[in-house]
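Bear in mind that the values here come from a model prediction, so they are computed numbers and not experimental data.
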Amino acid sequence: MRTLATVLAPVLSGAAYLLLIPWDLRNRPEHPGELIETTPVRTWAVVVFTLVLLALGLWLGRSGVPPWQSMPLAAGVPSVLLLVSYLTHRAPDANPWPLAWVCFTVLMAGGVLLAALAGRYTAR
């Protein structure tokens with residue numbers, strides 16, 4: 001079970017990221033010539049992605065994977081995909097993406113860590 005979890009977790013988290021989070025994360029005007037911008041990220045997609053990461057962390061913890069190993073297994077692939085997305089879509093003015101990438105990576109890894117800890121202690 002542990003081997004299956006360590007193989008499937010990165011695949012499932014990467015697939016969830018690719019299905020739920022848009023590749024180009026830059027804000028866009030709602031209509032041509034408008035000053036008001038909107039994000040292409042949908043709230044429901046972020047909630048579903050968060051639930052997938054938490055479920056993977058819980059599963060990894062219950063499978064006996066140490067919590068510190070659960071973080072790169074479940075959050076590593078989405079973190080790399082997010083970084084590649086940020087690097088391929090340069091901002092025209094100030095570039096907040098490196099800081100945003102660090103913040104989102106810490107959030108993903110922290111959530112997985114907490115879920116893995118919960119899974120580890122509920123499996124006993």
Q: Kindly write out the residues that satisfy ring pair (Phe, Tyr, Trp, His ring centres under 6.0 Å) with F104, not counting sequence neighbours, or none if the list is empty.
A: none

Q: Are S85 and D24 close enough that some pair of their side-chain heavy atoms sits under 4.5 Å apart?
A: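 Answer no - side chains too far apart.
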
Q: Examine L81 and V102 and state if one hydrophobic cluster contains both, with Ile, Leu, Val, Met, Phe, Trp and Tyr joined whenever side-chain heavy atoms are less than 4.5 Å apart.
A: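 The answer is yes; both residues are in one hydrophobic cluster.
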
Q: Considering residues at least two apart in sequence or located in another chain, which fulfil the side chain to side chain contact (heavy atoms under 4.5 Å, CB included) criterion with L117?
A: P67, L113, Y121

Q: Under 4.5 Å between side-chain heavy atoms, counting indirect links through other Ile/Leu/Val/Met/Phe/Trp/Tyr residues: same cluster for W44 and L107 or not?
A: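 Yes; L107 is reachable from W44 via cluster members.
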
Q: Mind checking what makes side chain to side chain contact (heavy atoms under 4.5 Å, CB included) contact with A55, not counting sequence neighbours?
A: none

Q: Starting from V65 and following side-chain heavy-atom contacts under 4.5 Å between hydrophobic residues (I, L, V, M, F, W, Y), which residues can be reached?
A: L60, L73

Q: Can you tell me how far apart OH (Y17) and CG (L53) are? Round to the nearest 0.5 Å.
A: 11.0 Å

Q: Can you name the closest pair of heavy atoms from S13 and F49 and give their distance?
A: O-CE1, 3.9 Å

Q: Got a list of side-chain donor-acceptor pairs under 3.5 Å for residues 2-10, not counting sequence neighbours?
A:
{"residue": "T6", "atom": "OG1", "partner": "R2", "partner atom": "O", "Å": "3.4"}
{"residue": "T6", "atom": "OG1", "partner": "T3", "partner atom": "O", "Å": "2.8"}

Q: Within the 4.5 Å heavy-atom criterion, are V112 and L56 side-chain neighbours or not?
A: no

Q: Measure the CG-CG distance between L58 and L54 for me, rounded to the nearest 0.5 Å.
A: 8.5 Å

Q: I'd like to know if V106 and L114 are part of one continuous hydrophobic network [Ile/Leu/Val/Met/Phe/Trp/Tyr, side-chain heavy atoms within less than 4.5 Å].
A: no

Q: Should V11 and L18 be regarded as members of a common hydrophobic cluster, given that ILVMFWY residues are connected when their side-chain heavy atoms come within less than 4.5 Å of each other, either directly or indirectly?
A: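 As far as the 4.5 Å side-chain criterion goes, L18 and V11 are not connected within one cluster.
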
Q: Taking only residues two or more places apart in sequence, or in another chain, which ones meet T43 in a side chain to side chain contact (heavy atoms under 4.5 Å, CB included)?
A: V47

Q: Scan for salt bridge (Lys or Arg N to Asp or Glu O under 4.0 Å) pairs involving residues 43-55, sequence neighbours excluded, and state none if there are none.
A: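 Those involving residues 43-55 do not exist here.
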
Q: Could you tell me which residues satisfy side chain to side chain contact (heavy atoms under 4.5 Å, CB included) with S79, sequence neighbours excluded, listed by chain and number?
A: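 So S79 forms a side chain to side chain contact (heavy atoms under 4.5 Å, CB included) with W101, T105, M108.
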
Q: Let me check something: do L82 and V48 share a hydrophobic cluster, defined by ILVMFWY side-chain heavy atoms less than 4.5 Å apart, either directly or through other members?
A: yes

